[in-house]
2 protein chains.
Amino acid sequence: MPKKSPPLSVEKRRRSTGRVTLADVALEAGVSPITASRSLRGDAPVSDDVRARVVVAAEKLGYVPDPAARALASARGASIVLLVPMITNMVFVDLIESVHDVLFPAGYQALIGITHYDPAQEEKLIRSYLAHRPAGFLVTGFDRTEAARRLLADSGAPCIHLMEVTNATGIYSVGFSQADASAAMTEHLLLRGYKRIAFAAAQLDPRTLQRAEGYRRAMRSAKRYDPALEILNADQSSIALGGELLAQALKRKPKPDAIFFCNDDLAQGGVLAARRRNIDVPNTLAIAGFNDLNGSDQMLPPLTTIRTPRAAIGRTAAMMMLDLLRDADVPTLNVDMGYELIVREST
Amino acid sequence: MPKKSPPLSVEKRRRSTGRVTLADVALEAGVSPITASRSLRGDAPVSDDVRARVVVAAEKLGYVPDPAARALASARGASIVLLVPMITNMVFVDLIESVHDVLFPAGYQALIGITHYDPAQEEKLIRSYLAHRPAGFLVTGFDRTEAARRLLADSGAPCIHLMEVTNATGIYSVGFSQADASAAMTEHLLLRGYKRIAFAAAQLDPRTLQRAEGYRRAMRSAKRYDPALEILNADQSSIALGGELLAQALKRKPKPDAIFFCNDDLAQGGVLAARRRNIDVPNTLAIAGFNDLNGSDQMLPPLTTIRTPRAAIGRTAAMMMLDLLRDADVPTLNVDMGYELIVREST
DNA sequence: AATTTTTATGGTAGCGCTACCATAACGCCA
DNA sequence: TGGCGTTATGGTAGCGCTACCATAAAAATT
């Protein structure tokens with residue numbers, strides 16, 4: 001007769017977390033855990049009645065899959081990294097929101113990284129996010145370090161570039177031509193009869209520089225390009241800075257009769273400053289912006305601007321990412337979402 | 001003599017991911033994996049030279065811990081859930097950024113959930129985020145379902161409430177008194193000699209209603225409260241709506257000589273609309289806002305408002321969360337970050 | 001009817017890490 | 001000197017899930 005019962009009690013389960021696991025669901029449905037896993041993921045041949053039984057069991061027990069376990073076992077998680085330059089710029093907030101609104105209902109968690117317009121910082125972020133085994137990457141623009149590019153390529157996770165377009169092959173991108181949009185605005189001003197059109201920009205990130213390029217292209221082909229009319233400032237863009245750039249522009253020679261600001265923050269500051277100085281907009285001076293931010297239609301006068309499809313870009317890119325992940329055919333590598341010239345009273 | 005060698009080749013490693021693991025680091029340092037784990041986490045007794053050896057080995061091999069494996073093994077991940085009502089409101093963007101800036105360098109990933117001001121949605125989000133085994137929760141305000149409250153409590157993860165303060169015990173919160181701030185602005189207007197001060201609000205979320213309460217309190221104690229001067233609108237707040245609310249306010253009887261908008265979006269729309277109608281601000285009509293958003297100082301005239309410490313709230317709460325997680329003593333349960341009355345020309 | 005191919009299911013063994021327990025080595029005090 | 005706590009390290013066994021392989025049954029082919 002044994003002196004002692006075995007040290008393990010009947011219900012051992014050393015570190016029970018109380019969580020409903022896939023094994024519980026499988027038991028309830030009378031199948032093996034693997035079959036349950038396949039039934040719930042739907043990526044393998046499972047008979048319809050088994051799948052239904054598993055789904056019912058999962059529902060009944062309130063089963064919620066564990067993302068950590070899933071990521072560990074499959075070497076690919078349910079998170080998608082979204083790298084943006086900053087979030088104090090509403091353009092990127094709109095982007096984040098639209099991406100989130102598509103990915104979250106599909107079961108993916110957007111991990112937001114902020115690069116502060118610094119390629120080195122972006123590279124560090126990519127390195128650290130790779131440890132999370134993300135399913136994919138959504139990155140802003142094409143300007144990054146060679147190492148970052150290689151990290152992304154080697155990760156095996158799909159990567160979509162946002163906000164700009166390229167005609168490079170084998171690259172996924174969703175955006176619009178910043179240069180074309182900027183040229184279109186410049187042409188609008190030329191068509192309205194303005195002759196000395198200044199271009200005022202801050203931040204000087206890649207997209208801002210592309211806009212400058214579009215402005216130059218349009219001005220040159222109208223034979224009106226004059227480098228003296230470019231006001232480029234590396235500081236961070238803000239409404240207050242718009243007023244300062246307006247003051248600087250008005251001191252230039254020749255004195256501009258129109259100012260095209262590279263974004264609406266600056267342009268809003270510009271119209272407010274003009275008003276403060278009793279400058280007649282648009283008769284003495286036209287003012288144009290870029291992005292059509294909230295409030296631009298309420299300015300005095302309402303602001304002529306370029307409406308950029310940032311929400312549509314986010315949505316489209318997120319849906320493309322989902323297609324890539326369930327590896328459906330994704331034929332369109334580069335999607336140009338266009339832009340829209342919004343003419344209001346400021347020009 | 002065995003006819004066949006065993007089926008497993010020397011280097012089996014069925015599903016090698018190529019990743020540098022803790023075991024690799026341990027081997028390099030000549031210790032066991034557990035000791036390596038302890039050395040890198042620093043939460044257990046390890047001799048200094050062993051710890052140093054492990055750190056060097058980790059550095060040399062470029063070891064990056066796997067968050068998924070860590071979460072799975074420890075039933076507590078390195079992510080912190082941050083639930084905000086929306087991100088198209090700059091107040092919450094500032095909050096997100098400041099939280100992120102503290103948590104990310106400390107090795108925590110902020111998971112951002114958007115509740116759309118809907119407690120039911122928030123409850124769903126909490127349920128789904130619990131599957132991620134977050135280390136903690138940062139939530140906005142106190143208004144939530146009973147089930148959500150229980151889920152948070154049962155999770156065992158610390159929870160800090162943002163933006164408001166309470167004197168309930170055993171609850172962590174970092175914020176300020178919305179009602180007091182609102183009352184202070186109302187008193188400022190009364191002191192300036194305005195008598196028929198309207199309160200114009202949109203969205204009508206809990207914090208907006210607290211501001212309304214603060215307004216009422218101040219108006220009542222000055223014996224000037226008149227329900228006819230409250231303009232409450234459930235639509236989403238925007239600059240354009242501010243103009244509409246101004247128009248509505250001016251039709252009320254008695255006709256207000258000041259309008260206190262519950263936030264700066266509306267107030268900015270208000271001053272712009274007043275300007276458009278050639279109303280003299282502040283002589284015919286004073287306008288005040290709340291939050292001190294970007295651009296309010298550039299309005300015509302610059303806007304009197306309440307500067308809310310949202311960045312400081314995010315920072316403080318995030319640091320408090322880090323303290324709670326390394327379970328240092330966190331004596332201050334409710335932190336009032338205060339507010340600041342910014343008087344400009346609009347009042 | 002015998003064979004191959006396809007389809008549905010299960011068994012096993014990890015993914016990389018840490019909780020728990022055990023153990024050895026080192027004091028400390030009586 | 002022996003018992004007892006304390007400190008540093010290691011062994012083992014999972015956390016919950018899925019990749020890989022095997023196998024049985026069904027269908028298609030010869």
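Because only heavy atoms are used, hydrogens play no part in the values below, and waters and symmetry mates are left out as well, while side chains stay in. Chain letters run A, B, ... following the sequence lines, proteins first and then strands; every chain starts at 1. Remember, it's a predicted structure, so these values are computed and weren't measured experimentally.
The distance from the CD atom of B/Q109 to the NE2 atom of A/H132 is 5.5 Å, given to the nearest 0.5 Å.
Phosphate proximity of D/dG11 to B/S32: absent, as no side-chain N or O sits under 4.0 Å from OP1 or OP2. Distances shown here put a side-chain N or O of B/R41 below 4.0 Å from the OP1 or OP2 atom of C/dA19. Listed pair A/T21 / D/dC15 fails the phosphate criterion, with no side-chain N or O lying under 4.0 Å from OP1 or OP2. An OP1 or OP2 oxygen of D/dT9 is reached within less than 4.0 angstrom by no side-chain nitrogen or oxygen of B/R38. Taking side-chain N and O atoms only, A/S37 has no distance below 4.0 Å to OP1 or OP2 of D/dC17. For B/T35 and D/dG10, the shortest distance from a side-chain N or O to OP1 or OP2 is below 4.0 Å.
Checking side-chain atoms of B/R51 against main-chain N and O of B/S39 turns up a donor-acceptor pair under 3.5 Å.
B/R133 comes within 4.0 angstrom of the backbone, heavy atoms only, and of no base.
Of the candidates D/dC17, C/dG16, C/dC17, C/dC17 carries the atom nearest the B/Y63 side chain, counting heavy atoms from C-beta on. Of the listed nucleotides (D/dC15, C/dA19, D/dC17), C/dA19 has the atom at the smallest distance from the side chain of B/I34. Nearest nucleotide to the B/A73 side chain, out of D/dC20, D/dG14, D/dG11: D/dG14.
Taking a 6.0 Å sphere around CG of B/D48, one finds it holds 12 or fewer heavy atoms contributed by other residues, nucleotides or ligands.
Aromatic ring pairs are classed by plane angle as parallel below 30°, tilted from 30° to 60° and perpendicular above 60°; the pair A/H100 and A/F104 is parallel.
Both B/D48 and B/A69 sit near DNA chain D, but only B/D48 has its closest nucleotide nearer the 5' end.
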